[in-house]
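Step one of this worksheet: look at the structure below.
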2 protein chains.
Amino acid sequence: MLAKTVGEPSLASSIHDLARHLNISIGTVSRALNGRADVNADTRQRVLEAAKKLNYAPNQSGRSLRQGATHSIAFMLQPHPGDQQYGEPFFIPFLTGLQARLAESGLDLIVVMGAPGDYQQERLRRVVETRRADAVVLAWTRREDERIEYLAERGFPFATLGRSRSGGKSYPSLDLDFEKAGSDAVDRLVSRGHRRIAAIRPSLDLNFGHLFMTGYRKALRRHGIEVDPGLIAEGFINEAGGYQVTPRVMLSKDRPTAIIFNNDAMALGGCKALAEMGISPGHDIAVIVIVDTPLCRYFSPALTGFRPALEPLGRRLAEMLLASLPAFAGPEGTRIMREVWPLELIARDSD
Amino acid sequence: MLAKTVGEPSLASSIHDLARHLNISIGTVSRALNGRADVNADTRQRVLEAAKKLNYAPNQSGRSLRQGATHSIAFMLQPHPGDQQYGEPFFIPFLTGLQARLAESGLDLIVVMGAPGDYQQERLRRVVETRRADAVVLAWTRREDERIEYLAERGFPFATLGRSRSGGKSYPSLDLDFEKAGSDAVDRLVSRGHRRIAAIRPSLDLNFGHLFMTGYRKALRRHGIEVDPGLIAEGFINEAGGYQVTPRVMLSKDRPTAIIFNNDAMALGGCKALAEMGISPGHDIAVIVIVDTPLCRYFSPALTGFRPALEPLGRRLAEMLLASLPAFAGPEGTRIMREVWPLELIARDSD
DNA sequence: CGTTTTTCCGTAAACGTTTACGACAACACA
DNA sequence: TGTGTTGTCGTAAACGTTTACGGAAAAACG
C-alpha cells in the first residue's frame, strides 16, 4: 500500500530489522525492550538507542496475538434513540479521566461508536468476539440490561457507569446517587414552600431516570404529599424532549409551582416552552436539574442543579476495572465492586 | 484469565476448533468463511453452520497480523485546552455518520482519546507506529498543523475535518465554509442597520476561527466599515470563554450594537455576561452565532446561527477517505481531495 | 585448578489467521 | 486408454511478537 522510500526510516520497522542492524538475535532485542533482567546492561542500551533511531514501535497485532491480550479497553458510545442531532457532552470529561488512568497502566482506551438504534448489542458482540479489547466499559445502564447479561454470561471482564439489576454483583460498577439527588431536590423545594412539584424524566428503562424518580416519590411521601401522575412527564433526553413534554405538566388542573428536570438539555428545552407560555423560570416557577453541566451555570437564570465530578468518576471507574482484572490486580481484597458517589447540590438562581 | 466452562461454547473458539469439529483442514475452513471460489458448496454450508454453532469469530489480531491491515480507522478526539469541564457536542452526530459509512465498507471506527494538553501528537504517533489503524481522521485542524505534517511526511493515510496549510494537497479534507458564514453574518447585520459589530472568537490557530474572522473582516471592508480591534476578543471555546471576554468588547469606547459568536457555547456564556450587565440579547443587542447546535434553537431568545449538517458531513468524509485508500478505491479518478460545504443561516430571534 | 553458579544470549515454538502451491480425484475429450 | 482440464482440498509458510529452554562463557567458590 505504501511505497517504501529508501533512506528515511521505514514506517514499519520490525524487531527483525533491529536485530539485523545490531547483529544480535530477535529474542535478545525483545527482552531488552521489555525490560527483562537477563540482558546485559549495555546491549540493552544499544537496543534502546537503535529502537529510537530506527523509529521502532512494536506491532500491536503481533503483540496481542502472542500475548492473548490487546492492552486496550473499549468504551461503548452511542447516540441515544431520539437524540438525533445533539450529542452527550457528559462523556468527554468522563472519558478523559478514564483514559488518563488506563494510560497509567499501559492500557489504551478505544471508544466504539454504535449505530443508532441497535443499542450496542451488535457492536458489543463484535468487539467481544473478535477480541478487540480486554475489557469493556458500559454507560447509560438500563434497569434490565442485555449488554450486561451478555457480558456476565460470557465471563468477559467489564465495568459499568451506572447500576443495573442484570448480571448480579459480578462486575464493578460506579454510579451517582440520583435517588438522593431526586430526594434532596424535593426537600429543598418543599422547604421553600412548594407542594406541587413536577418531574420531567426520561424513560424509566434508563436506570438513572428510575433512581431519580424513586427519590422523588419517596421524598414527596415523606412530606405527606401525594404523587400526582399529571405532574410527571416522559420525554427524550435532549432539548426537544424537554420542550415537547413540559407544557403537558403545565396544563395539569392544578399547576405545578416547581419543576425538576432530569438533566440540563431537557431543562433548556423546558425553559423554552415555559418562556413561550409567558412563564419565567426562577420567578414564576422554580426549576432544579438533576444532572447539570456548565450549561446550567451560564443559563439565565443560572439553574440550580447537581454537578457530577466527571473526570474523577472516569478515573475511579478505570481503577475499579483494573482491580478486577487479574493481570492488574493489586493485593487481594482490593477489588471494589460497587460504589455510589454523592451528588452535591449547587444552589443558583432558578429556585 | 477466564475459566473455561465445559459444555457451553468457549469464548475463544479458533479456526482450528472449527476444523477439528468438521474433520477438515483449517485452510478449507478459512476459504469457506472468506467466500473464496475453490470450496465445495456444501462444505461451505457445513462450515458456516458450525461457525454459527460454535460461535466463531475470527481473532482480529491474527487477521491483522497476517493481512497487514487492521480494518479500522482511528478518529483522534481530545478535550480542547481550556475546555475543562464541558465537552464538544459537535462530534457525536459527526461520528455517527462517519461510523455508519465506514461500517458499510467493513471498517471499524475507533475513537482515540488524547490526554489534555499534548494536542494529540503523542497519541497519534502511538496509533500510527504501533499500526493500530489503517488510516486516521483528524478534526479541529490548525492553520499550521503538526499532526498533518507528521502524517503526510510518513505517507500514512488520513483525512481531515477542516482545512490546514500543512501537508500540501496530498490528503482528502472536508470543511464548512466558515469564511462565508462570517461574511454572511456581517452582511445580515449591516443590512439591519448595524455598523459596530463585535466578534468573539477562539484562537486564530484553529483554522475555523481564522476563516470566520477573514470573512468578518472582508465583509466589514466591503461595507466600508473600519475593523475596530476593540470589538474583537479571543476566549476559550466554551461557556467560560464567552463569559470572560464578552464584557471586554462591551466596555469599548463606542459600544457594539451586535455580536457574532464563534459557537453556541461561547454565545451562551456571552449572553450570561450581557444579562449581568443588564443588556438583553435580541433586544438591546443583536447576536448571531457561527456554529450552532440545537442549544441555540432552544435558548431564549432563540439564537440566529449557521447549522452544520453533521451526520452527512461524517458520511462524506468517510467516503472521501475510502476513495483515497487503494484497497477501497473505486474506478480511478474518483478521489476527492477537497470539499467545502456551504453553511446556511437559520434566522431566529436574536438579531 | 575443578566445580558450581551466574550471566547472557540464541533457538525455536507458539499465538490465529490467510494464501500460494501442489496434490489428488473426477471428468471430458481424443 | 492416455492426456488435459476442472473442482476441491490439504500442506505449509508467513505476518511480528514473546518466552520457555538450553547452552556457552564468565564469574565465583572451594
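Quick note on labels: first sequence line is chain A, next is B, and so on, each numbered from 1.
Residues Arg125(B) and Glu122(B) are not paired through a salt bridge, judged by the lack of any N-O separation under 4.0 Å between the basic side chain and the carboxylate. For the pair Glu49(B) and Lys52(B), the salt-bridge criterion is not met [side-chain N within less than 4.0 Å of a carboxylate O]. Using a 4.0 Å cut-off between charged nitrogen and carboxylate oxygen, Asp145(B) and Arg147(B) count as a salt-bridge pair.
The stretch residues 57-66 of chain B comes close to DNA chain C through Ala57(B), Pro58(B), Asn59(B), Gly62(B), Arg63(B), Arg66(B), each having a heavy atom under 4.0 Å from the strand. Residues from residues 19-26 of chain A with heavy atoms under 4.0 angstrom of DNA chain C, sorted by number: Ile24(A), Ser25(A). Taking a 4.0 Å limit (strictly below) on heavy-atom distances, residues 40-48 of chain B reaches DNA chain D at Asn40(B), Thr43(B).
As a whole-Å value, the separation of Arg36(A) CZ from dG10(C) C1' is 16 Å. For the pair Gln67(B) CD and dG16(C) C1', the interatomic distance rounds to 12 Å; values are reported in whole Å. Going from atom CZ of Arg31(A) over to atom P of dT18(D) covers 11 Å, rounded to whole Å.
Taking the screw axis at each terminus of the helix from dC1(C)-dG30(D) to dA30(C)-dT1(D) from five consecutive base pairs, the angle between the two is 50° to within rounding of 10 degrees.
Of the two residues near DNA chain D, Gly27(A) and Ala37(B), the one whose nearest nucleotide lies more 5' is Ala37(B).
Residues Tyr150(A) and Phe156(A) keep their aromatic ring centres 6.0 Å or farther apart.
Put simply, CG on Leu77(B) and CD1 on Ile92(B) are 8.0 Å apart, with the number rounded to the nearest 0.5 Å.
More than 12 heavy atoms of other shown residues, nucleotides or ligands fall within 6.0 angstrom of atom NE2 in His71(B).
OP1 or OP2 of dT18(C) lies within a sub-4.0 Å distance of a side-chain N or O belonging to Ser30(B).
Glu149(A) and Ser166(A) are linked by a side-chain donor-acceptor pair at a separation below 3.5 angstrom, with hydrogens and angles left out of the test. There is no side-chain donor-acceptor pair under 3.5 Å between Ser64(A) and Ser61(A). A donor atom on one side chain and an acceptor atom on the other are not found under 3.5 Å apart for Asn207(A) and Thr141(A).
Gly68(A) comes within 4.0 angstrom of nothing in the nucleic acid, heavy atoms only.
Across all non-hydrogen atoms, the minimal contact from Ser14(A) to Tyr56(A) is C-CE1, 3.6 Å. Across all their heavy atoms, Arg315(B) and Glu104(B) have their closest contact at NH2-OE2, 2.8 Å. Here the closest non-hydrogen pair linking Thr70(A) and Gln60(A) is O-OE1, 3.7 Å.
Contact check for Asp38(B) versus Arg31(B): side-chain heavy atoms found under the 4.5 Å cut-off.
A cation-pi arrangement is present between Arg338(B) and Tyr171(B), with the terminal nitrogen or guanidinium carbon under 6.0 Å from the aromatic centre and inside a 45° cone about the axis.
Residue pairs meeting the salt bridge (charged side-chain N to carboxylate O under 4.0 Å, His left out) criterion with at least one member in residues 155-166 of chain B, sequence neighbours excluded, are Glu144(B)-Arg165(B), Arg163(B)-Asp175(B).
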Legend entry - Contact letters for nucleotides 22-28 of chain C, in which S counts primed atoms plus P, OP1 and OP2 and B counts the base, heavy atoms under 4.0 Å: -------
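At distances below 3.5 Å, not a single donor-acceptor pair connects side-chain atoms of Thr160(B) with backbone N or O atoms of Ser173(B).
For Val39(B), taking side-chain heavy atoms from C-beta onward, the closest of the listed nucleotides dC9(C), dG16(D), dC9(D) is dC9(D).
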